[in-house]
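Comments concern the structure below.
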There are 2 protein chains.
Amino acid sequence: MPTNGTRMAGPEIHATDPWTPGHPKKHVRHQLLSDDERAQLAKIAAIVRFEKGERIYNQGDRADAVFNIISGVVTAYRMLADGPPVMSFLYPGDLFGLTEEARYINTARATTPVIAYKMPLQSVQRILSSSASLDVQVIVKLCDELRQAQHHAVLLTQKRAVKRLAMFLELQEHLQIARNEPTSEIYLPMDRSSIADYLGITLPALSRAFRALVVKKMIATRGRHHVKVLDREAFKNIADA
Amino acid sequence: MPTNGTRMAGPEIHATDPWTPGHPKKHVRHQLLSDDERAQLAKIAAIVRFEKGERIYNQGDRADAVFNIISGVVTAYRMLADGPPVMSFLYPGDLFGLTEEARYINTARATTPVIAYKMPLQSVQRILSSSASLDVQVIVKLCDELRQAQHHAVLLTQKRAVKRLAMFLELQEHLQIARNEPTSEIYLPMDRSSIADYLGITLPALSRAFRALVVKKMIATRGRHHVKVLDREAFKNIADA
DNA sequence: GGTACTCTTTGACGGCGATCAAAAAAGAAA
DNA sequence: TTTCTTTTTTGATCGCCGTCAAAGAGTACC
């Protein structure tokens, strides 16, 4: 589940515009901002870099900025008292850094090298309150995020580990398609333990679920980060079932 | 998880104002609407009644209105291909009827007799687009809902059924407190199978989880819809763990 | 290229919950 | 009330996954 972070428009990068990382006019799913509004927001954004594994902020930290990913993958997770964290994976175009009572509600860590726009919370709020259509944009994002959260809950109600994994792989594939990335292989930037946490199962159980799909010739793995769907029909049968 | 529906301000009822069911000036958590805006919205709202068990709308129906509960409990659920539905329970003040591409994303059914405001989607959108501060109100609601969705995901990552149940009971208790209702007993208007679906376990497993808590003298049940916490410390120990 | 580390896989075992089935309790209707 | 239906509980068995432990693969660093 996306604990935080909101899917945005396009997959590519536009250096001066934190709100429309997509190609300026092509392949933009939601075109809800005027040039003027985008220009306003571009002014307050700074470009920041994080190396792989680096902490971006901690749960409970005083929130001072929201982030918008330019490139790379961010893992956001909420720590619980005992159990595994609740996680979400964020890709270019995703917004993250949502707050509750002025504090970050989760921890964000760069899963790959990450470049992102950093926008001071104060400035964002000022602009937000002076522009009604920006609000609409945010609402659209929140609805997207809500759908993802719901999808995660759907996934977690599945009882067999193989089905959770299949649903997860299908989701990743769909996200890749939405980002206009090559779709012959599914790319999984995060490590196995992150996936296990996301699926709500243990690492050994995840490993066995992978094996089960490989043995049945439904998928093939190349290294740790690449999966190819071999038997599409059988695969969809498990994932959608 | 709340598949849909958004928590709003107060617990009580104000007959002419669909957006602030709470007492006009007291105990209102979010006071984000001007009198003018509330008056605008009151004009377009109709009061509708549903009897216990009645369907309010079906998943996939063309969406023509959003609802705001005045009294009663609504269960919203999304049907899946095979598995159990993903559900949410909605109480007075909750907004529901969110859409995806002009169609309802879930099915809503009255769990108890329900009275609600029904607001034509068109009118809501028109007013929304002409009022920036209403947008903010909606954003607050979406954030609330997102938190609930996250809480549901947290619950579903728990592996033992007793813990899921304890977390659920604790959540219901908190919602009751937020609604300023008596808190000596936890009231569960929905039936066991709805709870089981929400917890992602089967009905027998839920029954055993209840029994386990009763046998350990942590809770006592009165009829099907009332639960009392006897050993608060042990109970919180399981729920928060 | 070699070494040390982390990440991942595999194995064995036990427990919890799913499943199937039937009994019991609660509610609804007559 | 009595009867019928629906909901909930209980029981028995099986399978999946959690747990603990160790071996293997991959990666980073020197």
Side-chain angles (χ1 to χ4, degrees), chain A residues 51-54 75 80 82-85 87 109-113 155-169 187-216 219-227 238 241, chain B residues 51-54 75 80 82-84 87 109 111-113 155-168 188-216 219-227 238 241:
Chain A
E51 52 191 81
K52 179 177 173 180
E54 187 176 353
T75 303
L80 300 171
D82 65 331
M87 330 191 47
R109 181 192 293 268
T111 296
T112 67
L155 188 155
L156 289 171
T157 60
Q158 304 305 322
K159 306 184 201 320
R160 286 168 306 164
V162 277
K163 177 155 189 185
R164 292 195 191 182
L165 174 57
M167 288 181 69
F168 173 74
L169 292 175
Y187 172 57
L188 306 172
M190 69 295 290
D191 59 22
R192 290 287 188 266
S193 71
S194 293
I195 298 176
D197 284 343
Y198 183 87
L199 299 185
I201 60 179
T202 57
L203 223 153
L206 173 64
S207 186
R208 287 182 238 274
F210 264 111
R211 172 139 305 277
L213 290 177
V214 169
V215 165
K216 291 174 189 163
I219 65 170
T221 57
R222 183 171 66 79
R224 303 171 161 182
H225 299 300
H226 294 272
V227 175
I238 291 189
Chain B
E51 52 191 81
K52 179 177 174 181
E54 188 176 353
T75 303
L80 301 171
D82 65 332
M87 332 190 47
R109 181 193 292 266
T111 296
T112 67
L155 187 154
L156 289 172
T157 59
Q158 304 304 323
K159 306 184 201 318
R160 285 167 305 163
V162 277
K163 176 154 188 184
R164 293 194 191 182
L165 174 56
M167 288 182 69
F168 173 73
L188 305 173
M190 69 295 289
D191 60 21
R192 290 287 190 266
S193 72
S194 293
I195 298 176
D197 285 342
Y198 183 87
L199 299 185
I201 60 179
T202 57
L203 222 152
L206 173 63
S207 185
R208 286 182 237 277
F210 263 111
R211 172 139 305 279
L213 289 177
V214 169
V215 164
K216 290 174 189 163
I219 65 170
T221 57
R222 183 171 68 80
R224 303 171 161 183
H225 299 300
H226 293 273
V227 175
I238 291 190

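Quick note on labels: first sequence line is chain A, next is B, and so on, each numbered from 1.
The line from CZ of B:Arg164 to CD1 of B:Ile238 is 15.0 Å long, rounded to the nearest 0.5 Å. Note: B:Ile201 CD1 to B:Arg160 CZ = 13.0 Å, rounded to the nearest 0.5 Å. Atom CE of residue B:Met190 and atom CG of residue B:Asp197 lie 11.5 Å apart, to the nearest 0.5 angstrom. Rounded to the nearest 0.5 angstrom, A:Leu199 CG and B:Thr157 OG1 are separated by 11.5 Å. Residue A:Thr112 holds its OG1 atom at 6.0 Å from OH of A:Tyr187, rounded to the nearest 0.5 Å.
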Each nucleotide of nucleotides 14-21 of chain D classed B (base within 4.0 Å of a protein heavy atom), S (only sugar-phosphate) or -, in 5' to 3' order, makes ---SSBB-
Per-nucleotide protein contact along nucleotides 23-30 of chain C, 5' to 3', at a 4.0 Å heavy-atom cut-off (B base, S sugar-phosphate only, - neither), is ---S----
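Rounded to whole Å, the distance from CZ on A:Phe210 to C1' on D:dA25 is 16 Å. Per the geometry, CD1 belonging to B:Ile195 stands 14 Å off C1' belonging to D:dT9, to the nearest Å. Distance CG (B:Leu199) to P (C:dC16): 18 Å, rounded to an integer number of Å. We find that CG of A:Asp191 is positioned 11 Å from P of C:dT9, with the value rounded to whole Å. The CG atom of A:Asp197 sits 12 Å away from the P atom of C:dC7 (whole-angstrom rounding). The distance between atom CZ of A:Arg222 and atom C1' of D:dA25, rounded to the nearest whole Å, is 17 Å. To the nearest angstrom, P of C:dG17 lies 11 Å from CG of B:Leu165. Look at CZ on A:Arg192: it is 14 Å from C1' on C:dT6, rounded to the nearest Å.
With the end axes of the helix from C:dG1-D:dC30 to C:dA30-D:dT1 each set by five pairs, the angle from one to the other reads 50° at 10° resolution.
Residues satisfying the ring pair (Phe, Tyr, Trp, His ring centres under 6.0 Å) criterion with B:His225, sequence neighbours excluded, are absent altogether. Partners of A:Ser207 according to the side chain to side chain donor-acceptor pair (under 3.5 Å) rule, which considers only residues two or more places apart in sequence or in another chain, do not exist here. With sequence neighbours left out, B:Phe168 forms a ring pair (Phe, Tyr, Trp, His ring centres under 6.0 Å) with B:Tyr198.
Under the side-chain contact (heavy atoms from CB on, under 4.5 Å) rule, B:Val227 has a single partner from B:Leu213, B:Leu188, B:Val214, B:Leu165, which is B:Leu188.
One side chain, A:Ser194 or A:Asp191, offers a donor N or O that lies under 3.5 Å from an acceptor on the other.
Taking 4.5 Å as the limit, every side-chain heavy atom of A:Pro113 sits out of range of all side-chain heavy atoms of A:Glu51.
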